[in-house]
> 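There's a structure below that I have some questions on.
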Amino acid sequence: MFNNVKVSDKVYWLGVNDRSKQLFENMWPLPGGVSYNCYLIVDDKTALLDTVEMGSDLDFVGRVESILGGRELDYLIINHMEPDHSGEIKDILRRYPDVKIIGNNKTYKILEGYYGITENLQEVKDGDTLSLGHHDLRFVFTPWVHWPETMMTYDITEHILFSADAFGSFGTLDGGIFDDEVELKYYEDEMRRYYSNIVGKYSNMVQKAFAKLGSLKIDIICPLHGLVWRSNPGKAIEMYQKWSTCQGENAVVIIYASMYGNTQRVADYIARALAEQGVKDIRVYDVSKTHVSYLISEVWRCKGVILGSCAYNTQMHPNMEHLTTELEHYGVKNKFLGIFGSHSWNGGGVRNLMAFAETMGFEPVAAPVDLFGKPTLEKLKACDEIAVQMAACLKGDNN
């Protein structure tokens, strides 16, 4: 257990690491676990901003009591009602039955539905403020980032943004809690995976949130998962700006579905051809081996996307169909696309990938290639144009 950790003089981080949960939302892999963060302000008035998942901390209320040092808790501010952040609300109310619960109208509907709580509610509207003494708080409604009731709390006094799930990441906090205490590469990758898997579908709402937050001075970002950004919050904002507008890196991800190795050989051929064209950031994935969570994140990262599928019952391979369905669901945009595949009798993989491309509006770089039978070197040369044109698109987009 961490000692009491101060974000600033009167603001405390209260978080817990969950290394037991294997799937976030029973869907997304957590090989590095996940953290649940919440925050306590001890001022003339005291305020707890969110809680943690039920059972993830064996003495959550005791930790709150320890920091308060015998004082009462005046306010419980609910920025987000998802159970991994509201799970300890009932325990807090048992200990502090007179606490006023700050939230919005949509917060209270979910609060009643989950926990049957209907009393001691103090509703706030977008832009309302609350004074704790030294700290003056403003409530900023950010619906659908990523639930309809989500809001953020901005500390006007110390320019701290309590950002709910925004700017969060997968991964536990292994000693380092602040951005200046860790090597950032791991958290950046897990932050992008978190964004693409959890928040990405609502990128237009992220942009609307940015429009509200744009005029605010932000010195510290306190999310409900992952690092607290106290040294370079602009880095977190920059990443969210890039991801929410689908600005990819000059990189190519090749994802293929292959039953007997033929389509895999095509993928490796295209990857080598890309390297010969000067593309250095290339990643190749087997859709049947790598979880879709990581594939979505890689598609979000890269400007260039090349998808290949064998035919399967006159369709694309089911695992590739799963990936394309997820990408369509998330509304990914602004990608250069190449398509390839192979078939043994009636085809279907490439044909269905072409239908997906039309739905998504990705920019095709070259004609699709659908190889019959074993991909001999002579047949593979038909894929050269995909590599040549993909490299040209990336170079042109970088000018």
Side-chain angles (χ1 to χ4, degrees), residues 5-8 11 13 15 17 24 32-39 49-50 79-80 140 142 145-146 150 152-156 158-200 202-251 281 283 293-294 296-303 332 334 397-398:
V5 175
K6 284 190 172 185
V7 175
S8 67
V11 180
W13 170 88
N17 287 317
F24 192 82
V34 67
S35 69
Y36 312 121
N37 303 331
C38 65
Y39 305 90
L49 291 90
D50 299 293
N79 288 310
H80 184 27
V140 182
T142 53
V145 185
H146 65 113
T150 304
M152 301 182 188
T153 300
Y154 176 66
D155 181 355
I156 300 169
E158 296 190 349
H159 311 133
I160 303 172
L161 181 66
F162 300 93
S163 61
D165 269 347
F167 307 110
S169 74
F170 295 133
T172 56
L173 299 174
D174 298 340
I177 295 171
F178 300 97
D179 60 319
D180 52 36
E181 296 180 327
V182 302
E183 291 294 334
L184 282 176
K185 183 64 172 69
Y186 167 75
Y187 289 101
E188 288 177 12
D189 288 344
E190 285 296 79
M191 192 170 171
R192 185 185 64 251
R193 188 165 71 92
Y194 180 90
Y195 179 88
S196 61
N197 292 184
I198 308 300
V199 184
Y202 306 103
S203 290
N204 63 321
M205 302 307 291
V206 172
Q207 282 294 300
K208 290 183 178 181
F210 272 141
K212 284 187 174 184
L213 299 170
S215 63
L216 302 180
K217 185 179 189 296
I218 299 174
D219 289 337
I220 302 174
I221 297 176
C222 293
L224 292 178
H225 298 289
L227 296 172
V228 175
W229 294 80
R230 69 179 178 187
S231 291
N232 191 6
K235 173 69 172 177
I237 294 170
E238 176 187 337
M239 289 189 290
Y240 257 56
Q241 176 65 24
K242 179 171 70 174
W243 297 333
S244 63
T245 53
C246 291
Q247 299 175 43
E249 299 174 12
N250 280 317
D281 193 343
R283 295 292 180 271
S293 171
Y294 297 93
I296 292 169
S297 181
E298 279 292 89
V299 169
W300 224 281
R301 182 180 74 88
C302 299
K303 287 181 182 176
V332 186
N334 303 333
D397 201 55
N398 197 35

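Keep in mind it's a predicted model, so treat the numbers as computed, not measured.
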> Do the charged groups of Asp189 and Arg193 touch, with an N to O distance under 4.0 Å?
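Arg193 and Asp189: not salt-bridged.
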> If you round to the nearest 0.5 Å, how far is OG1 of Thr245 from CG of Asn334?
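Going from CG on Asn334 over to OG1 on Thr245, the span is 7.5 Å.
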> Do the charged groups of Lys303 and Asp281 touch, with an N to O distance under 4.0 Å?
no
> Looking only at non-hydrogen atoms, find the nearest pair between His80 and Asp50 and report the distance.
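Answer, listing the atom of His80 first, then Asp50: N-OD1, 3.3 Å.
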> Is there a side-chain contact between Met191 and Met239, using heavy atoms and a 4.5 Å cut-off?
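Side-chain contact under 4.5 Å: yes.
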> Supply the atom-to-atom distance Leu224 CG to Thr150 OG1, rounded to the nearest 0.5 angstrom.
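The OG1 atom of Thr150 is 9.0 Å from CG of Leu224, to the nearest 0.5 Å.
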> Got a second to check how far Ile221's CD1 is from His159's NE2, nearest 0.5 Å?
14.0 Å
> Which pair of non-hydrogen atoms, one from Arg301 and one from Ala251, has the smallest distance, and what is that distance?
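Taking every non-hydrogen atom into account, NH1-CB, 3.8 Å.
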> Counting the benzene-type ring for Trp, do His225 and Phe24 have ring centres under 6.0 Å apart?
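Under 6.0 Å, so yes.
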> Would you call Lys217 and Glu158 a salt bridge, taking side-chain N to carboxylate O under 4.0 Å as the test?
no
> Ignoring hydrogens and geometry, is there a side-chain-to-backbone donor-acceptor pair from Glu190 to Tyr187 under 3.5 Å?
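Answer holds: no.
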> Please determine, by modelled atom types, if Thr153 and Asn79 share a side-chain donor-acceptor pair under 3.5 angstrom.
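Yes - a donor-acceptor pair under 3.5 Å links their side chains.
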> With the side chain counted from C-beta on, respond yes when Trp300 and Ser203 share a heavy-atom pair under 4.5 Å apart, and no when they do not.
yes
> Indicate yes or no for a side-chain donor-acceptor contact from Thr142 to the backbone of Val145 under 3.5 Å, with no hydrogens or angles considered.
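Not confirmed, Thr142 side chain does not pair with Val145 backbone.
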> Taking the side chain as every heavy atom from C-beta outward, state whether Val228 and Leu173 have any pair of such atoms under 4.5 Å apart.
no
> Does the side chain of Trp13 reach to within under 4.5 Å of the side chain of Cys222, using non-hydrogen atoms?
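When only atoms from C-beta onward are counted, Cys222 and Trp13 do not touch, as no gap falls below 4.5 Å.
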> Starting at OG of Ser244, measure out to CD of Gln207 and round the result to the nearest 0.5 Å.
4.0 Å
> For Leu49 and Cys38, which heavy atoms make the closest approach, and how far apart are they?
O-CB, 3.2 Å
> Sequence neighbours left out, what pairs pass salt bridge (Lys or Arg N to Asp or Glu O under 4.0 Å) with at least one residue falling in residues 231-241?
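As it turns out, the salt bridge (Lys or Arg N to Asp or Glu O under 4.0 Å) pairs with a partner in residues 231-241, which skip direct neighbours, are Glu188-Lys235.
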> Salt bridge check, Arg230 against Asp180: does any charged N sit closer than 4.0 Å to a carboxylate O?
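Salt bridge: yes.
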> The test is side chain to side chain donor-acceptor pair (under 3.5 Å); show your working for Asn197 and Ser293 and say whether it passes.
CA-CA 6 Å; Asn197 292 184; Ser293 171; 2.3 Å; yes
> Looking at every heavy atom in both Lys212 and Ser215, which two are closest together, and how far apart are they?
O-OG, 4.4 Å
> Can you check whether Val206 reaches Tyr240 side chain to side chain, under 4.5 Å on heavy atoms?
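A side-chain contact exists here, since the closest heavy-atom pair is under 4.5 Å.
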> What I want to check is whether the side chains of Tyr195 and Ser297 have a donor and an acceptor closer together than 3.5 Å.
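Distance-only check fails for Tyr195 and Ser297.
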> Taking C-beta and beyond as the side chain, do Phe167 and Ile237 meet within less than 4.5 Å on heavy atoms?
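Yes, close enough: below the 4.5 Å cut-off.
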> For Ser231, does its backbone N or O pair with a side-chain atom of Asp179 as donor and acceptor, under 3.5 Å?
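Such a contact is found between Asp179 side chain and Ser231 backbone.
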> Please determine whether the number of non-hydrogen atoms from other residues, nucleotides or ligands lying under 6.0 Å from atom NZ of Lys208 exceeds 12.
no
> Taking atom types as modelled and ignoring hydrogens, do the side chains of Asp165 and Tyr194 form a donor-acceptor contact shorter than 3.5 angstrom?
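A donor-acceptor contact under 3.5 Å links the two side chains.
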> Output the distance between atom OG (Ser8) and atom CG (Asp219), rounded to the nearest 0.5 Å.
10.5 Å
> Answer whether the closest heavy-atom distance between the side chains of Ile177 and Leu227 falls below 4.5 Å.
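No. Closest side-chain heavy atoms not under 4.5 Å.
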> Would you say the ring centroid of Tyr154 lies under 6.0 angstrom from that of Phe162?
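No: the rings miss the under 6.0 Å criterion.
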> May I ask you to test the Asn17-Tyr36 pair for a side-chain heavy-atom distance under 4.5 Å?
no
> Please give me the minimum heavy-atom distance between Tyr39 and Pro223, naming the atom from each residue.
OH-O, 2.6 Å
> Show the nearest heavy-atom pair for residues Ile160 and Val11, with the distance to one decimal.
CD1-CG2, 4.2 Å
> So how far is it from Ser35 OG to Asp174 CG, rounded to the nearest 0.5 Å?
9.5 Å
> Just by distance, no angles: are the side chains of Gln241 and Gln247 close enough, under 3.5 Å, to form a donor-acceptor pair?
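No donor-acceptor contact under 3.5 Å links the two side chains.
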